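Report on the structure given below.
All values derive from a computational prediction rather than experimental measurement.
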Amino acid sequence: MPRNLRADVAIAGGGIIGCLTAYYLTLRGVKPVVVEADAIASGASGASGGWLTPYSASCDPRLLALAPATYKLHAELAEELPEETGIDHRYQKIGYLRCAITEKGLETLQGWRDARTAEGIKVEWLSPAQARSITPWLTEDIAGAIRTDIEPTVDSYRLTISAAQAAEKRGARIVSGRVTGLLASRDHACSGLLLADGAHIQARATVLAMGPWTGEAGAWLGYSIPIRPLRGQMLHLEPPGPGDGPGLDVGMSAVDLGGSVLPKRGTNTIVGSTREDAGFDRSPTPEARKLLLEQAARLSSRVMSARLARQTVCLRPLTPDQRAYVGRAPGWRGVYLGAGHYSEGIHFGPVSAKALAGLILDGKSEYDLSVYDPERLLTRSPATG
Ligand SMILES: Cc1cc2nc3c(=O)[nH]c(=O)nc-3n(C[C@H](O)[C@H](O)[C@H](O)COP(=O)(O)OP(=O)(O)OC[C@H]3O[C@@H](n4cnc5c(N)ncnc54)[C@H](O)[C@@H]3O)c2cc1C
């Protein structure tokens, strides 16, 4: 027998966006319900690289302007959440080496350095020998590198679970179920969510945060929401055993290869990641494993001596302009979108979630989220997808 519920806010999707939005709402005394079709953090939020960088996608200046705010929120979450839930989500500040192997790569790297310097960010240019003095695990192929110390990492599975548990402790409810539509009136006012089992959740505000599946809500809202999945596969390498020598303690990538190697505190090193158009297929492939190992081996000699613990797959929610939709759903009252964060949802998740809580409760957000404005859903030209 389906059970109907009543809540202040109904949230569809238990990924980082849904769970952090629930958390920030509960900090304001509001009790949301999160509806999750599979399991909390079962999507990309549970299997991401957890790297807090604003430089993995569009580098839109309006997004870069939000980076200090989201870094501040991450630092606060790293204090608050473990205290509330006992879950250490492994927030860690690490150094990062962006390397080049070819002449063209060196040019790309110089461009990256110039752009960051113009933003006032301290970057250090390193010769191959200087880079190898930071970590002995760089290969002889490296022609130059840049070191930064601005991009921390987290375990995004633990962060999402912890946000959900903290929200629950403060009165949120997590409900298992598939959202199939909105409780909507003819004049486009929404009063909650419909679930596949026939139950409904009545709420004053509804948030759609279903990651790459948010496109389904286009049929509910009456216009296309062009979010599609972009598959990403990653490898997890076990830390070195006794007698293996030191592990990696800096992250690294090669601008001309595409791969990256990211050590995580107290756990495996991640080798990532592919970008594949494979629809909603979440099967790991041997081709991806081979490609990732080959790329990483050109970068770091540590990779070939490490044991492969597991291969993971998840789906980035990709929009045509690589920018999420965060804010009121155009043409509707009571519906908000929080989806499409592509490869930066863990990084920008806190700012988006806190902004959504502000929009719902105060009618405005403390952050300038115009870069994520959902109004562009209505002005999209067919050519932009
Ligand atoms: C390989 C890879 C590496 C990445 N690395 C990083 C990184 O280092 N740093 C970073 O910032 N970002 C990274 N990302 C991106 C980041 O993981 C995503 O942007 C983010 O997790 C998206 O969060 P979300 O909450 O929008 O979606 P999701 O995590 O996908 O959550 C959506 C949830 O909604 C649920 N759902 C779907 N449909 C329904 C429905 N009808 N009813 C109820 N529930 C539903 C799903 O089951 C899912 O749990 C990476 C992504 C990939 C794939």
Side-chain angles (χ1 to χ4, degrees), residues 48-79 89-139 141-156 159 246-265 269-270 272 299-300 302 322 342-351 367-368 371:
S48 89
W51 190 27
L52 305 183
T53 179
Y55 303 119
S56 71
S58 69
C59 288
D60 187 307
R62 291 167 299 170
L63 272 175
L64 298 183
L66 287 172
T70 206
Y71 279 131
K72 184 166 178 282
L73 292 175
H74 269 292
E76 287 169 10
L77 290 168
E79 295 278 317
H89 62 263
R90 297 181 174 143
Y91 174 84
Q92 183 192 21
K93 290 191 174 156
I94 59 160
Y96 197 86
L97 295 173
R98 283 178 174 80
C99 305
I101 288 174
T102 59
E103 277 300 317
K104 195 155 185 327
L106 281 173
E107 276 170 35
T108 309
L109 209 54
Q110 279 155 5
W112 196 88
R113 174 195 57 187
D114 295 346
R116 299 299 78 82
T117 306
E119 288 161 22
I121 289 167
K122 196 169 155 259
V123 293
E124 199 185 340
W125 185 270
L126 304 168
S127 67
Q130 285 171 320
R132 269 192 292 276
S133 73
I134 290 173
T135 171
W137 298 116
L138 282 179
T139 64
D141 290 353
I142 303 305
I146 282 176
R147 184 194 166 107
T148 50
D149 289 289
I150 49 173
E151 297 145 303
T153 70
V154 293
D155 179 323
S156 64
L159 171 60
L248 275 174
D249 58 3
V250 286
M252 56 180 76
S253 57
V255 287
D256 32 15
L257 278 181
S260 69
V261 180
L262 200 60
K264 308 298 287 273
R265 172 162 63 83
T269 287
I270 289 177
L299 189 60
S300 169
R302 191 83 192 96
Q322 301 189 0
Y342 185 37
S343 55
E344 297 179 336
I346 307 304
H347 178 56
F348 286 112
V351 114
Y367 309 111
D368 176 4
V371 63

Between Glu119 and Arg116, does at least one N-O distance fall below 4.0 Å, as a salt bridge requires? yes
When every non-hydrogen atom of Leu109 is compared with those of Val255, the smallest separation belongs to CD1-CG1, 3.8 Å
Could you report the tightest heavy-atom contact between Leu63 and Glu344, atom names first, then the distance? CD1-OE1, 4.2 Å
Only one of Ile150, Val154, Thr70 passes side chain to side chain contact (heavy atoms under 4.5 Å, CB included) with Leu52; say which it is. Val154
Are Tyr342 and Ser56 linked by a side-chain donor-acceptor pair shorter than 3.5 Å? no
Treating [X] as the side-chain partner and [Y] as the backbone partner, does any N or O pair qualify as donor plus acceptor under 3.5 Å?
| X | Y | answer |
| --- | --- | --- |
| Ser300 | Trp137 | yes |
| Arg132 | Thr139 | yes |
| Asp256 | Ile101 | yes |
| Glu151 | Tyr96 | no |

Calculate, to the nearest 0.5 Å, the distance between atoms CG and CD belonging to Asp249 and Gln92 respectively. 9.0 Å
Measuring from Asp141:CG to Leu299:CG, what's the distance to the nearest 0.5 Å? 9.0 Å
Go through the steps for Thr135 and Met252 under the test side-chain contact (heavy atoms from CB on, under 4.5 Å), then give the verdict. CA-CA 10 Å; Thr135 171; Met252 56 180 76; 3.9 Å; yes
When you look at His74 and Leu159, which way does the side-chain contact (heavy atoms from CB on, under 4.5 Å) test go after all the steps? CA-CA 10 Å; His74 269 292; Leu159 171 60; 3.9 Å; yes
Take Gln110 and Trp125, measure what side-chain contact (heavy atoms from CB on, under 4.5 Å) needs, and give me the verdict at the end. CA-CA 9 Å; Gln110 279 155 5; Trp125 185 270; 3.7 Å; yes
Over 60° means perpendicular and under 30° means parallel, so tell me whether Trp112 and Tyr55 are parallel, tilted or perpendicular. perpendicular
